[in-house]
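Written below as structure tokens is the structure these notes are about.
Every chain is numbered from 1, with letters handed out A, B, ... down the list of sequences.
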Number of protein chains: 2
Amino acid sequence: MSESRTDLAAPPPLTDEDRAYLATYDPRKYAPVAVTVDIVILTIDRGELSVLLVRRGVPPYRGLWALPGGFVRANEDLGAAAERELREETGVGLTEAPAADRGGPAEADRGEPGLAGDYLEQLRTYGAPDRDPRMRTISVAYLALVADVGRVRGGDDAADAWLWPVAGIEQGRPRLAFDHARIIRDAVERARSKLEYTSVATSLLPETFTIGDLRRVYEAVWGVRLHPANFRRKVLATPGFVVPTGEKVSTGRGWTELYRRGTTTTLHPALLRRSQLSTADGDTPDTL
Amino acid sequence: MSESRTDLAAPPPLTDEDRAYLATYDPRKYAPVAVTVDIVILTIDRGELSVLLVRRGVPPYRGLWALPGGFVRANEDLGAAAERELREETGVGLTEAPAADRGGPAEADRGEPGLAGDYLEQLRTYGAPDRDPRMRTISVAYLALVADVGRVRGGDDAADAWLWPVAGIEQGRPRLAFDHARIIRDAVERARSKLEYTSVATSLLPETFTIGDLRRVYEAVWGVRLHPANFRRKVLATPGFVVPTGEKVSTGRGWTELYRRGTTTTLHPALLRRSQLSTADGDTPDTL
DNA sequence: GCAATAGTGTCTCTCAGACATTATGGT
DNA sequence: ACCATAATGTCTGAGAGACACTATTGC
């Protein structure tokens, strides 16, 4: 079965006819289009799910806040462009460089032990004809989950950079350039559902963490309160999610076991959010 | 709560500075890039999950099979381009025109009763620098699930069109142009997981159908055998998935109730596939 | 009668959620 | 003493999967 399958990644060879045709092909005869990559970098800042934004230093929308991003360079892969932007903004390298353009369940194991493995996946592409007043611009948006954005610093055309709570973004603070509010909304929804069936929540934590730390990540991203006992039981019952380091740390009031991420990326069973069917009563549903 | 939220879709207004800047902006100074839309149109043909392919009538790769698609027109939205291509290839209109660019759980109810509601959602964007020998080409791929492709017919630059079983595609038959084999693989994976937690399987069926028809759709897409009794119980226990029409039809040997799609798009509870952990024994696991 | 499918009922096992209880150690 | 958190254990209900059984009708 392994030998009979063709390599899906290999492009077909060109024929002589193809080469003759390409010699007469003029790429400049079409309407100009720009392709950009924008990254939604999510992290937990002071207990809140937050997004890294840069204040635009050039027109259009100079002074407004926007997602970090930029034009895709010639001969640069989309995933490579996203990774480059992520590095420029956070100064943090990625653990899983070649997997940057894959994402999804097919992705390989992550996390060489000892490195904070940031997460990066393609989110969606936005191409409304009027979304950029300069010209027709297609933006391939990426979602990044990082434990630490380093010292927040501006990039090339960014006068300033700051972590903004997602809760505020959803209420329109601050004003965002282009259609970036919509992109962030989609990214947060993707992140929320990714936490259900993958182990990416560990990308929002340092190398070692307690079960309580992991629970607070889920609470911050989902915006709910989780039942500590049930959460702990479910996490430890999911093979490969976390592995104990053997060390204990004095957190809260007592001693707690430290864990690091396991080798599993897709969780079996998943940590499902409570079904969105409202409980119809006002109290906070203590779930999980 | 409804009034305090800003409209995420409204673009920010331009300033005087922006207008002055845009007057001097020249879009032609960047390297030329082309943006295309390719559609993976999946349907059930003779009981097999199949994909609509067209044989290329022009170079490059003339004679090879490829996904239907084409260049995005100036001032044309990505979703509109995908919908246009889908119409051109199948001759079947979409039920849910404005939702074409949304997809995902946030999408509204589908299916005016009486119309076969095809499904269309953005899949992923492919932009490897060498994926098109003509020039740098960014392809925004869409996934479509349709009940009937109509009479299979070629489009503009297609010499021929045909439904190919997905099982053969995964083994390299036929040879595909560009990176379309990879795109189809991603689309099939997306479709398989969409069937778990949404009701899109009904998009692969005519307006009315039996529970057995619905089960055979799941079997064809997932490539497994499902337990008829358990499948029936789970489908009918999921509120809003299907609604009985009151009619009965003589299918198989006996009379069976006819159903049509319900108003629910996200299933609670989901119809989960058996956990991929192999059963380690050779027999076909009769699951669900 | 036989074959094939539709449909009902039941049993077991797993898991989610709620809750009770104890331990720990800083304030 | 008090309290917040960690950690363990138990109970109940929902759902998944397996299986037994009946009904119907074309062959």
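In terms of phosphate contacts, B:Trp255 brings no side-chain nitrogen or oxygen within less than 4.0 Å of OP1 or OP2 of C:dA6. Between B:Arg215 and the phosphate of C:dA6, there is a side-chain N or O to OP1/OP2 separation shorter than 4.0 Å. For B:Lys234, a side-chain nitrogen or oxygen approaches OP1 or OP2 of D:dA16 to under 4.0 Å.
Here the nucleotide nearest the side chain of A:Glu257, chosen from C:dG7, D:dA7, C:dA6, is D:dA7. Taking every side-chain heavy atom of B:Ala229 into account, C:dG9 is the closest of D:dA16, C:dG9, D:dA6. Residue B:Arg233 has its side chain nearest to D:dG17 when only C:dG7, D:dG17, C:dG17 are considered. Each of C:dA6, C:dG25, D:dA7 was ranked by its minimum atom distance to the side chain of A:Thr256; first place goes to D:dA7. Considering only side-chain atoms of A:Asn230, the nucleotide from D:dC19, C:dC19, C:dT24 that sits closest is C:dC19. Proximity note for A:Pro269 (side chain, C-beta onward) versus C:dA16, D:dA16, C:dG7: the nearest is C:dA16. Closest to the side chain of B:Arg216, from the set C:dG17, D:dT24, C:dA6, is C:dA6.
Ring centroid separation for the pair B:Phe231 and B:Tyr218 comes in under the 6.0 Å cut-off.
Taking atom CZ on A:Arg232 and atom P on C:dA16, their separation rounds to 16 Å, with Å as the unit. Between the CG atom of A:Leu267 and the P atom of C:dC15 there is a distance of 13 Å, given to the nearest Å. The nearest whole Å value for the distance from the NE2 atom in B:His227 to the P atom in D:dG15 is 19 Å.
Residues passing the side chain to side chain contact (heavy atoms under 4.5 Å, CB included) test with A:Ala270, sequence neighbours excluded: A:Tyr197, A:Leu272. Shown here are the side chain to side chain contact (heavy atoms under 4.5 Å, CB included) partners of A:Asp45, two or more places apart in sequence or in another chain: A:Ser50, A:Leu163.
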